[in-house]
Trainee: 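After the structure tokens below, expect a handful of questions from me.
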Amino acid sequence: MSEECYDVEKAIRQRKAIRRFKPDPIPDEILYKILEAGRLSPSSKNSQPWHFIIVKDRKKLSELSRMTYTGDFLATAPLAIAVILENAKLETDGARAIQNMTLVAWKYGIGTVWITNFWDKAKQVLGVPMTGNFKLLTVMPFGFIPESEKPKGKKKRKPLHEIVHFEAFGESWSFLSTIDSE
Ligand SMILES: Cc1cc2nc3c(=O)[nH]c(=O)nc-3n(C[C@H](O)[C@H](O)[C@H](O)COP(=O)(O)O)c2cc1C
């Protein structure tokens, strides 16, 4: 998968949430590239409010997986990256970093998904300071994508004509009627 996904458009088209992982460890060289993709992300006023905690410890992963209702599969990933924002004005700054990390991981055949709703206790498990202004945005599982999870078919998305407007809300963009849009 990795070579063909150098193309950013293709990667965006193919990427999907991955919740099952191969047990193979992720080489540090690739982990480094994923984290670099986060570090290089844009942020408001270049504030770079993020911290990334690498978690490989099985006990810790399992503990964290029980601290959200929507990510029990976290326990099965070879590693996770917790994304913490310090004094962030905008959570969107974290989202940009997460998207960049996701796309670079995808290039290497590694899948992930954003998991939300972690209880505050998860910050303790991760040793995040309880004083100051630290927000745990997500703990993202990362692992090589098994054959069964590889993308097949089209994404479930609204068609462009439902969400794109021309000049004003509700006005259609004529170009869309000339192409065979998905
Ligand atoms: C901000 C955000 C929060 C999400 N939270 C969860 C979550 O807690 N658990 C989960 O399994 N998936 C979560 N997802 C994954 C979405 O359900 C998934 O991206 C969406 O259904 C579209 O599917 P796709 O990523 O395969 O294209 C989250 C995605 C985003 C962007």
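One is the number of the first residue; the rest follow in order along the sequence. FYI, side chains are in, hydrogens and waters are out, and symmetry mates aren't considered; it's all heavy atoms of this structure. All ligand and atom numbering here is 1-based and tracks the order in the structure.
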Trainee: For ligand 1, give me the residues whose heavy-atom distance to it is below 4.0 Å, by chain and number please.
Mentor: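 For ligand 1, the residues that come within the 4.0 Å heavy-atom cutoff are Arg15, Lys16, Ala17, Arg19, Thr70, Phe73, Val113, Trp114, Ile115, Thr116, Lys155, Arg157.
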Trainee: Show the atom names and distances, to 0.1 Å, of all donor-acceptor pairs under 3.5 Å that link a side chain in residues 138-145 to residues at least two apart or in another chain.
Mentor:
residue: Thr138; atom: OG1; partner: Ile115; partner atom: N; Å: 3.1
residue: Thr138; atom: OG1; partner: Ile115; partner atom: O; Å: 2.8

Trainee: Should Val164 and Ile179 be counted in the same cluster of Ile, Leu, Val, Met, Phe, Trp and Tyr side chains packed under 4.5 Å apart?
Mentor: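 Both belong to a single hydrophobic cluster.
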Trainee: With a cut-off of 6.0 Å (strictly less than), are more than 12 heavy atoms of other residues, nucleotides or ligands near NZ of Lys152?
Mentor: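 Yes - once you tally the heavy atoms of other residues, nucleotides and ligands closer than 6.0 Å, there are more than 12.
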Trainee: Filter on side-chain hydrogen bond (donor to acceptor under 3.5 Å, both in side chains), then keep only pairs touching residues 57-66, sequence neighbours left out; what's left?
Mentor: Ser62-Arg66
Trainee: Identify each donor-acceptor pair in which a side-chain atom of residues 15-37 lies under 3.5 Å from a protein atom, sequence neighbours left out, and give them as a table.
Mentor:
residue: Lys16; atom: NZ; partner: Glu149; partner atom: O; Å: 2.8
residue: Asp28; atom: OD1; partner: Lys56; partner atom: NZ; Å: 3.4
residue: Glu36; atom: OE1; partner: Arg39; partner atom: NE; Å: 2.4
residue: Glu36; atom: OE1; partner: Arg39; partner atom: NH2; Å: 3.2
residue: Glu36; atom: OE2; partner: Arg39; partner atom: NH2; Å: 3.1

Trainee: With distance as the sole criterion, is a donor-acceptor pair present between the side chains of Asp93 and Ser44 under 3.5 Å?
Mentor: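 A donor-acceptor contact under 3.5 Å links the two side chains.
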